[in-house]
Participant: 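Please see the structure below; I have some questions.
First the proteins, then the strands, lettered A, B, ... as listed; each starts at 1.
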Amino acid sequence: MTSLDEQILQRRTNLDELSKLGLEIYPRKFERRHTIAELVEAHVQRTHDELEGDRIETITGGRILAIRAFGKAGFLVLSDGHAKIQVYIRMDSMPELDFKIHQLLDFGDWVGVEGRLFRTKTNELTIWASRLHFLAKCLLPLPEKWHGLTDVETRYRQRYLDLIVNPDSRRVFETRSRIIAAVREFMTARGYLEVETPMMQPIAGGAIARPFVTHHNALDMDLYLRIAPELYLKRLTVGGFEKVFEINRNFRNEGISTQHNPEFTMLEFYEAYADYQALMRMTEEMIATVARRAIGTEQIVFGDHQISLQAPFARLSLRDAAREAASRRLNREVTDADLRTRDAAAAIAAHLALEVDPGDGAGKITTTIFEALCEDRLIQPTFVYDLPTEVSPLSKQKPDDPDTVERFELYIGGFEVANAFSELNDPAEQRRRFEAQLKDRAGGNLAAHEMDEDYIRALEYGLPPTGGEGVGVDRLVMLLTNSPSIRDVILFPLMRKRE
RNA sequence: GCGCCUGUAGCUCAGUGGUAGAGCAUUCGACUUUUAAUCGAAUGGCCGUUGGUUCAAUUCCAACCAGGCGCACCA
């Protein structure tokens, strides 16, 4: 028999023995007078003498995280997830039955306790148990108390174990919840309406990415899991909702990395009458505000870096960034004209040993140069603005420069956190952009945008000047919780199936 | 998809071409204020899977499975 089998058998035997004592081994409810967190918060400052004077009686419950038994007495450590408290068990302080229950408990079981608060010799806040109630059995052995669970695969596949034994992991997800609440509060306070748009879409639009395909049986229709809510949210702006936002999942059928999970959470919002400059100001305020509310500071530590999220953030044009980085790297002057000429840009990329597709134009190549040379160096929050039109099928061009759009990406910690632009609202130009994407698609780029006739029709009804933005919520959580991998901030990241 | 690394007890980790090791956990014994409780004893292994080399493989080699990191794709 293996150690695992043996330990499971022992726990089952203990459960059988509990049953033989006449207990309901899966009781239906237990009424707590206080949670453990409430007890700790209310009494952690109280001294031994104060507690003896007050005689505070409580009824509480939790999972057993430690058992230290010695003969006719012992200690349990109970957790309610937020806080821990010690319980003192004495044979002569409780009914015989309750003490027998104590002898059949295993690490991980759920119990309820009645008793009085006191402080031990070592000054630990403790419940002196007068009753012990069995609530549920943990039939499988838990990871070790001291080293905890470090195997990342088990942490992701069996997140419940991670949450039981690794308080830091639990804290990440509590912070995640606060971050999302703070974002929602920020948007709502600014008069934004929260909406939900389709996750299953007949045309996967609003981003450049490969979608997941699914099928509706009754309609016998293929559908795509959305890669972005963008085109639907802008339809709402056409419909007269001037400020809308959605916080929800997007699905992109692409590689997995420390910064990419196939499903990820995005805040996306649209504001009529705003342009990308207004969105930059709003974004830096939002990120600073959310950081303050969720973690209490704008100064964060991310890996080896100290990052200040205090507004205003740096601003850098993409062409300038690419030009300067390429000039430095090649040790010669690269001009703006070089980056705007296909052949010159391609030659520069070649010198930089960057791969360029034959179909890539000057704008795409400039973006490639930027991504290779600049992206991971943008540690402090930086708006990279004025992107090439070629890589921005839904953004509005600059009035004096049709090759450039009013768009920015926000970089923090070396990766992209947000992407925003003045929305293209000219239906004729939008049709031309879609057609360019179709050409790209015909050339084999499965991520290129499809034609969306209904979206063009919506624009024909009139989209007011509008600014729109997407914020990668998971990445924001990574930054604010100092998590190096997106999987550390997603409760159940996608894993390969295992038999 | 490519490259590098990892997989040994429930957990955390050592280790070796010749019958497999520790700590915690588990079991038994002692113990009525411990807190990584302590003390004594014991149990627990298809060394990821399948092949190959070898007298002999957990160890060397290959493929596969799973994971991590990097690249690519992208947010």
Participant: Return the set of residues passing salt bridge (Lys or Arg N to Asp or Glu O under 4.0 Å) with A:R46 (not counting sequence neighbours), or none when no residue passes.
Facilitator: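 Once residues adjacent in sequence are excluded, the partners of A:R46 under the salt bridge (Lys or Arg N to Asp or Glu O under 4.0 Å) criterion are A:D54.
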
Participant: Would you kindly compare A:N123 and A:E355 by the position of their nearest RNA chain B nucleotide and give the one closer to the 5′ end?
Facilitator: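 Its nucleotide being nearer the 5' end, the pick is A:N123.
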
Participant: Under the salt bridge (Lys or Arg N to Asp or Glu O under 4.0 Å) test, which residues partner A:D440, sequence neighbours left out?
Facilitator: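 Applying salt bridge (Lys or Arg N to Asp or Glu O under 4.0 Å) to A:D440 gives none.
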
Participant: Can you measure A:E268 atom CD to B:A75 atom C1' for me and round it to whole angstrom units?
Facilitator: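 Computing the A:E268:CD to B:A75:C1' distance gives 11 Å.
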
Participant: Side-chain contact, heavy-atom cut-off 4.5 Å: A:M91 with A:K100?
Facilitator: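 They are not in side-chain contact.
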
Participant: Taking atom P of B:G44 as reference, at what distance in whole Å does atom CZ of A:R11 sit?
Facilitator: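 In whole Å, B:G44 P and A:R11 CZ are 20 Å from each other.
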
Participant: Within the structure shown, what part of the strands sits under 4.0 Å from A:G255 by heavy-atom distance: base, sugar-phosphate, or nothing?
Facilitator: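 Since a base atom lies under 4.0 Å of A:G255, the category is base.
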
Participant: Ignoring hydrogens and geometry beyond distance, is a side-chain donor-acceptor pair present between A:R433 and A:S395 at under 3.5 Å?
Facilitator: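 There is no such pair (donor and acceptor under 3.5 Å, judged by atom type) between the side chains of A:R433 and A:S395.
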
Participant: Using the P atom in both, what is the distance from B:U54 to B:C61, to the nearest Å?
Facilitator: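 B:U54 and B:C61 have their P atoms separated by 16 Å.
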
Participant: Would you say a side-chain N or O of A:T150 is under 4.0 Å from OP1 or OP2 of B:U12?
Facilitator: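 Yes, such a contact exists.
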
Participant: Just checking A:Y156: base, sugar-phosphate only, or nothing, at a heavy-atom cut-off of under 4.0 Å?
Facilitator: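 Sugar-phosphate, no base atom in range.
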
Participant: With a non-hydrogen cut-off below 4.0 angstrom, is A:E124 in contact with a base, only sugar-phosphate, or nothing?
Facilitator: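 If one applies the 4.0 Å heavy-atom cut-off, A:E124 turns out to touch a base.
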
Participant: Just how far, in rounded Å, is P of B:G10 from CG of A:D162?
Facilitator: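 Nearest whole value for this atom pair: 20 Å.
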
Participant: If you measure from CZ on A:R119 to CD on A:E50, what distance do you get to the nearest 0.5 Å?
Facilitator: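 Atom-to-atom, A:R119:CZ and A:E50:CD are 9.0 Å apart.
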
Participant: Assign A:I208 to base, sugar-phosphate, or nothing according to its heavy-atom contacts below 4.0 angstrom with the strands shown.
Facilitator: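 Sugar-phosphate only.
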
Participant: Within this structure, what is the CE-to-P distance between A:M478 and B:A75, rounded to whole angstrom?
Facilitator: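 My rounded result for the distance is 16 Å.
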
Participant: Is any side-chain N or O of A:Q10 closer than 4.0 Å to OP1 or OP2 of B:U27?
Facilitator: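 For B:U27, OP1 or OP2 has a side-chain N or O of A:Q10 closer than 4.0 Å.
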
Participant: Using atom C1' of each nucleotide, how far apart are B:A25 and B:A9 to the nearest Å?
Facilitator: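 These two C1' atoms come out 10 Å apart once rounded.
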
Participant: Distance check, C1' atoms only: B:C71 and B:A62, in whole angstrom units.
Facilitator: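 So the two C1' atoms sit 25 Å from each other.
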
Participant: Between A:T466 and A:E271, do the side chains contain a donor N or O and an acceptor N or O under 3.5 Å apart?
Facilitator: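 Short answer, no.
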
Participant: I'd like to know if A:Q86 reaches the base of B:U34 with its side chain, counting only an N/O donor and acceptor under 3.5 Å.
Facilitator: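 Side chain to base: pair present.
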
Participant: Any N/O pairs under 3.5 Å between the protein and nucleotides 36-39 of chain B? List them or say none.
Facilitator:
residue: B:A36; atom: N1; partner: A:W146; partner atom: NE1; Å: 3.4
residue: B:A37; atom: OP1; partner: A:K145; partner atom: NZ; Å: 2.4
residue: B:A37; atom: OP2; partner: A:R68; partner atom: NH1; Å: 2.9
residue: B:A37; atom: N6; partner: A:A69; partner atom: O; Å: 3.4

Participant: Please measure how far the C1' atom in B:C65 lies from the corresponding atom in B:C46, and state the result in whole Å.
Facilitator: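 One C1' to the other, the span is 16 Å.
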
Participant: What is the nucleic acid contact for A:G148, judged by heavy atoms within less than 4.0 Å: base, sugar-phosphate only, or nothing?
Facilitator: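 Here A:G148 touches the backbone only, sparing every base.
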
Participant: Base, sugar-phosphate or nothing for A:D92? Non-hydrogen atoms, less than 4.0 Å.
Facilitator: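 Result for A:D92 = base.
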
Participant: Does A:R496 put a side-chain nitrogen or oxygen below 4.0 Å from OP1 or OP2 of B:G67?
Facilitator: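 For A:R496, the contact criterion (side-chain N or O under 4.0 Å from OP1 or OP2 of B:G67) is met.
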
Participant: For A:R157, answer base if it contacts any base atom (sugar-phosphate contacts may also be present), sugar-phosphate if it contacts only those atoms, and nothing otherwise; contact means non-hydrogen atoms under 4.0 Å.
Facilitator: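 Result for A:R157 = sugar-phosphate.
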
Participant: If you compare every side-chain N and O of A:R90 against the phosphate oxygens of B:U32 (OP1, OP2), does one of them come in below 4.0 Å?
Facilitator: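 So the side chain of A:R90 is outside the cut-off, no N or O lying under 4.0 Å from OP1 or OP2 of B:U32.
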
Participant: Who passes salt bridge (Lys or Arg N to Asp or Glu O under 4.0 Å) against A:K364, sequence neighbours left out?
Facilitator: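 By the salt bridge (Lys or Arg N to Asp or Glu O under 4.0 Å) rule, A:K364 matches no residue at all.
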
Participant: Looking only at the side chain of A:V152 (C-beta and beyond, no hydrogens), which of the listed nucleotides B:G67, B:U33, B:A75 gets closest?
Facilitator: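 Looking only at heavy atoms from C-beta outward on A:V152, the closest nucleotide is B:G67.
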
Participant: Work out how far the P atom of B:A57 is from that of B:C47, and round it to whole angstrom.
Facilitator: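 Each nucleotide's P atom is 12 Å from the other's.
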
Participant: Describe the nucleic acid contact of A:M495 in one word from base, sugar-phosphate, nothing, applying a heavy-atom distance below 4.0 Å.
Facilitator: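 Result for A:M495 = sugar-phosphate.
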
Participant: For A:L142 and B:U26, what is the distance between atoms CG and P respectively, to the nearest whole Å?
Facilitator: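 So the two atoms are 11 Å apart, to the nearest Å.
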
Participant: Sticking with atom C1', work out how far B:A72 lies from B:C13, rounded to a whole angstrom.
Facilitator: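 It comes out at 35 Å once rounded to the nearest Å.
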
Participant: Do A:N166 and A:S169 pair up side chain to side chain, a donor and an acceptor below 3.5 Å, judged on atom types alone?
Facilitator: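 There is no such pair (donor and acceptor under 3.5 Å, judged by atom type) between the side chains of A:N166 and A:S169.
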
Participant: Within 45° of the axis and under 6.0 Å from the centre of the six-membered ring of A:Y232, does NZ or CZ of A:R235 qualify?
Facilitator: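 Relative to the ring axis of A:Y232, which defines the angle, A:R235 lies inside both limits.
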
Participant: Let me know the distance between CZ of A:R116 and P of B:U33, rounded to the nearest Å.
Facilitator: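 Distance, rounded to whole Å: 15 Å.
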
Participant: Quote, to the nearest angstrom, the P distance that separates B:A56 from B:U16.
Facilitator: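 To the nearest whole Å, 23 Å.
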
Participant: Would you write out the dot-bracket form of RNA chain B, 5' to 3', with Watson-Crick and G-U pairs under 3.5 Å, [ ] for crossing pairs, | for pairs to other strands and . for unpaired bases?
Facilitator: (((((((..((((....[..)))).(((((.......))))).....(((((..]....))))))))))))....

Participant: Categorize A:S93 for me: base, sugar-phosphate, or nothing, with a 4.0 angstrom heavy-atom threshold over every strand shown.
Facilitator: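 No contact.
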
Participant: Could you tell me how far B:U12 sits from B:A36 if I compare only their C1' atoms? Round to whole Å.
Facilitator: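 Between the two C1' atoms, the distance is 13 Å.
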
Participant: Tell me if the centroids of the rings in A:F212 and A:Y224 come within less than 6.0 Å of each other.
Facilitator: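 Centroid separation for A:F212 and A:Y224: 6.0 Å or greater.
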
Participant: CG of A:N445 versus C1' of B:A72: gap in Å, rounded?
Facilitator: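 Atom-to-atom, A:N445 to B:A72, this comes out as 14 Å.
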
Participant: Would a line drawn from the ring center of A:Y411 to the ring center of A:F313 be shorter than 6.0 Å?
Facilitator: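 Ring centroids of A:Y411 and A:F313 are no less than 6.0 Å from each other.
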
Participant: Is any side-chain N or O of A:T258 closer than 4.0 Å to OP1 or OP2 of B:G70?
Facilitator: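 For A:T258, the contact criterion (side-chain N or O under 4.0 Å from OP1 or OP2 of B:G70) is met.
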
Participant: According to the ring-ring contact (aromatic ring centres under 6.0 Å, His included) rule, which pairs have a member within residues 145-164 of chain A, sequence neighbours left out?
Facilitator: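 The answer is none; no pair qualifies.
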
Participant: Please work out if A:N261 contacts a base, only the sugar-phosphate, or nothing of the nucleic acid, heavy-atom cut-off 4.0 Å.
Facilitator: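 Counting heavy atoms under 4.0 Å across all strands, the contact made by A:N261 includes a base.
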
Participant: A:L149 side chain: which of B:C11, B:A9, B:U32 is closest?
Facilitator: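 The nucleotide sitting nearest to the side chain is B:C11.
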
Participant: Could you check whether the side chain of A:T120 and the base of B:U34 have a donor-acceptor pair of N or O atoms closer than 3.5 Å, going by distance alone?
Facilitator: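 In this structure, the two groups form a donor-acceptor pair.
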
Participant: Contact class for A:F99 (heavy atom, under 4.0 Å): base, sugar-phosphate, or nothing?
Facilitator: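 Since no nucleic acid heavy atom lies under 4.0 Å of A:F99, the category is nothing.
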
Participant: Measure CG/A:D98 against P/B:U32 and give the value in whole Å, please.
Facilitator: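 So the two atoms are 20 Å apart, to the nearest Å.
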
Participant: Output yes when a side-chain donor or acceptor of A:R475 lies under 3.5 Å from a complementary backbone atom of A:Q259, and no otherwise.
Facilitator: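 Yes, the answer is positive, given that a donor and an acceptor are paired below the 3.5 Å cut-off.
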
Participant: Given B:G10, B:U12, B:A75, which nucleotide is nearest the side-chain atoms of A:L4?
Facilitator: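 The answer is B:G10.
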
